[in-house]
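Let me begin by presenting the structure, written as structure tokens, before commenting on it.
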Amino acid sequence: RAQPRPPTSPNSRMAQPVPALLSHCPRWADEEGKPLVADAGRARDVVAPRRSLRALPPAGVACTILAVVALARRFSIAAKARSSGEDAIKAVAVSKTSLRPCAAAGADCRQSRCCVDGGDEGLQCYARDRNWAQCDEACAPGTRESDPAAYDKWGHAHRPQWSCEKLGERSLAGCGSFSGKWCPTGRCQQVGDSCVESCSHVSSETSCSGLNHCNWNGTTCYDACWTFGEQDVCLSSEHRTRCEWRDSRCMTACWMFPNKAACLTGGRCAWYGTCQADPCSAPGEDCRSTRCCSEQRGGGGMTCYAQNAYFATCAKVCDGEGWACSALGNRTKTQTNCAWAGEDCASQGLCCNQGFICAKKDKYFTGCIQIFEQTAKGKHKVAPPEGWPAQPKWVGGGQFEYEVSPAPKGREAGTTLYCFMAYLPGSYEERLVEIARANYASVFACDAHDLFHTWQSVRSKWDSEQVTLTNIDVFIDVWNHVEEAGKLWKYDWTVKVDPDCLVVPQRLKWHLGGLRAPLKTAIYVKNTDLNSSIANGGFLGALEVFSREALELYFDWWPMCQKTIGTRGGEDGFMKRCMDALGVGFITDGHMFVPDNDPRRCKDSKMAAYHPLKIQESYQCCVDVVNGMKRDIEWGVCKDLPKDWTLKVWPDCSGESCRQPKWVEPVT
């Protein structure tokens with residue numbers, strides 16, 4: 001079916017191909033009016049003149065010259081086709097009639113009236129109707145379920161009928177159909193055991209990018225560097241501007257990647273304003289020569305550990321059998337995507353601290369400034385710092401807490417536990433630790449545990465008027481000892497337990513499994529449904545649960561939390577604010593425990609922990625109840641606790657004296 005010719009101006013005709021220019025010329029005829037050239041674009045339609053031509057107008061002379069050029073071109077193409085066969089005929093998939101790129105399988109081919117090579121026997125452009133035509137290997141007249149339907153007033157679906165009229169010629173068979181057999185040269189090439197499309201015959205970036213063995217560079221589709229198995233080919237003058245030889249193989253050169261996202265897919269490349277060769281190694285790579293791990297390529301929080309003299313790689317912890325586990329270089333620090341209070345935030349557009357915004361002071365500085373302070377009584381506006389505009393230009397906000405969604409099935413984190421307890425020597429806390437140890441309870445029933453000492457803290461008031469210990473500096477020290485111990489890296493979760501809190505590790509594992517926390521995600525657990533203003537936003541310090549990834553961030557950045565958050569207040573408040581600032585998300589288990597010093601609460605088997613149990617008899621009574629024993633508890637007192645229960649804890653102690661605290665808490 002003839003296509004309508006778009007209107008053209010005389011000047012625009014000069015830019016058209018010769019066949020298109022000929023379409024503006026009159027058909028030549030002899031004296032009897034019979035055409036001499038039916039279609040100047042087809043060499044086979046030329047009719048040899050048998051009579052004298054009519055006198056041609058001046059414009060006819062030009063058309064005659066164009067006809068001669070067109071015929072010469074057609075004869076030249078035909079000659080090349082005869083010499084090189086089908087490869088030359090189908091070298092470039094472009095429509096002969098419209099010069100549009102030929103359509104892919106399933107694509108609209110109404111304009112191009114041709115298809116790219118494909119299928120076992122080639123593709124044909126089949127018309128459905130005047131509104132659609134597509135490339136397929138075959139076509140059956142009738143309707144297709146894949147076509148959109150129009151519904152009549154009775155709700156009956158009506159789909160268009162396919163006429164299957166052939167538009168243009170069938171393309172050649174796809175190169176893939178020749179795999180395992182002879183692979184045609186020219187339009188196809190052999191890559192390994194497969195016959196694939198030749199990259200040099202692909203004319204568009206989209207098509208080139210869709211081929212695994214090809215890469216687009218500038219305006220040309222080239223063979224991908226990895227297809228060159230020999231170093232001299234990889235580094236030849238033809239390929240060395242885009243390929244480089246690394247790790248005994250040819251790879252795309254880092255400088256070829258235009259942005260960070262593409263850079264990080266390019267093998268051993270990292271983004272430093274431009275894409276460059278990464279000086280450090282990724283997990284799984286041999287790091288003996290680099291002696292460092294790449295944060296950008298998954299090595300954050302890792303150290304290069306040597307297996308032997310011949311291999312080393314990056315890992316968070318090294319305990320494999322047959323490994324020397326010698327650390328080569330320092331542990332790689334994790335990275336945040338935000339700037340801290342007072343720092344330049346122009347590149348991130350985000351501030352770590354809550355209540356801060358990234359704002360533009362002037363043309364020289366964009367930084368994080370505080371605009372409000374969050375307290376138990378609400379938000380309080382803070383004026384911009386001295387020297388700043390009254391209303392600085394907003395660039396970005398600050399971090400806020402956010403909830404992590406449950407993971408899909410099969411992608412949940414594990415439930416292994418590393419637990420630790422920090423207690424004050426010479427206080428009632430030490431007696432509670434001894435009771436837990438004697439009963440193989442609390443942290444002693446976790447997969448791994450540690451005990452640490454604290455020092456006496458002072459007391460201060462929260463902004464909610466409640467009195468709490470000012471113990472941030474104490475527990476910063478404790479957490480540093482946890483990192484030095486190094487056990488936490490082998491387990492999914494780290495659990496900080498107060499001495500007067502009885503945790504039941506197996507129940508805690510059930511709780512964590514039910515939360516379906518995503519694998520390898522930085523998370524902390526909100527552990528109560530109490531009012532946020534009196535429960536630190538749902539995160540109480542008696543039982544703190546963090547994923548391994550959350551603590552990786554904490555250990556790298558706690559000095560900045562200490563600097564920007566301060567050390568006045570409770571440790572649990574500090575840890576929550578620090579986690580929020582680091583972009584660590586939370587999951588909520590409101591029934592992990594309920595603060596209650598009555599041992600009767602221990603009969604609630606749905607709880608994973610019980611707190612506070614500061615009295616020794618209450619702690620032992622709760623242990624017994626958790627272990628299935630029946631105890632008579634009235635008004636918070638365990639009435640039937642055996643008189644000799646202390647002998648289990650302190651075999652060398654007998655009598656009523658063992659019921660009293662061995663140490664008295666110092667008065668502050």
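Just so you know, these numbers come straight off a predicted model, no measurement behind them.
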Side-chain contact, heavy-atom cut-off 4.5 Å: Pro505 with Trp510?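 No, their side chains stay 4.5 Å or more apart.
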Is there side-chain contact between Ile476 and Trp558, with heavy atoms separated by less than 4.5 Å?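 They are in side-chain contact.
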What distance separates [X] [atom1] from [Y] [atom2], expressed to the nearest 0.5 Å?
| X | Y | atom1 | atom2 | answer |
| --- | --- | --- | --- | --- |
| Leu582 | Glu552 | CG | CD | 12.0 Å |
| His511 | Asn527 | NE2 | CG | 11.5 Å |
| Leu613 | Leu432 | CG | CG | 8.5 Å |
| Ile565 | Ile472 | CD1 | CD1 | 8.0 Å |

Checking [X] now: which residues fulfil salt bridge (charged side-chain N to carboxylate O under 4.0 Å, His left out) with it, not counting sequence neighbours?
| X | result |
| --- | --- |
| Glu285 | Arg268, Arg297 |
| Asp604 | none |
| Lys614 | Asp500 |
| Arg288 | Asp286 |

Sub-2.5 Å SG contact, Cys275 and Cys263: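 Yes, the SG atoms sit under 2.5 Å apart.
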Return each pair, listed once, that meets side chain to side chain donor-acceptor pair (under 3.5 Å) where at least one residue sits in residues 328-345; pairs must be two or more places apart or across chains.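 Passing the test, one end in residues 328-345: Arg331-Asp556, Thr334-Asp556.
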Got a sec, which pairs hit side chain to side chain donor-acceptor pair (under 3.5 Å) with one end in residues 345-365, sequence neighbours left out?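 Those involving residues 345-365 are Asn353-Thr564.
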Looking at the rings of [X] and [Y], which for Trp means the six-membered one, are their centres under 6.0 Å apart?
| X | Y | value |
| --- | --- | --- |
| His380 | Phe372 | no |
| Phe593 | Tyr610 | no |
| Phe452 | Trp479 | no |

Trp493 pairs by side chain to side chain contact (heavy atoms under 4.5 Å, CB included) with which of Val525, Leu508, Leu551?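 Single pass found, and it is Val525.
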Residues that Cys501 engages under disulfide (SG to SG under 2.5 Å), provided they are two or more places apart: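 In terms of disulfide (SG to SG under 2.5 Å), with neighbours along the sequence ignored, Cys501 is linked to no residue.
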Which pairs, with at least one residue in residues 401-438 and sequence neighbours excluded, count as a disulfide (SG to SG under 2.5 Å)?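 Non-adjacent pairs meeting disulfide (SG to SG under 2.5 Å): Cys419-Cys446.
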Using a strict threshold of under 4.0 Å (side-chain N to carboxylate O), is an ion pair present between Asp580 and Lys576?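 So Lys576 pairs with Asp580 through a salt bridge.
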Sequence neighbours left out, cut at 3.5 Å: what donor-acceptor pairs do the side chains of residues 481-491 make with other protein atoms?
unit_1: His481; atom_1: ND1; unit_2: Asp477; atom_2: O; d: 2.8
unit_1: Lys487; atom_1: NZ; unit_2: His449; atom_2: O; d: 3.2
unit_1: Lys487; atom_1: NZ; unit_2: Asp450; atom_2: OD1; d: 3.0

Contact list for residues 505-526, test salt bridge (Lys or Arg N to Asp or Glu O under 4.0 Å), sequence neighbours left out: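 Sorted result for residues 505-526: Glu401-Lys526, Asp447-Lys509.
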Pairs satisfying ring pair (Phe, Tyr, Trp, His ring centres under 6.0 Å), at least one member in residues 391-415, at least two apart: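 Found none.
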For residues 403-415, which side-chain donor-acceptor pairs fall under 3.5 Å, sequence neighbours excluded?
unit_1: Glu412; atom_1: OE1; unit_2: Gly410; atom_2: N; d: 2.9

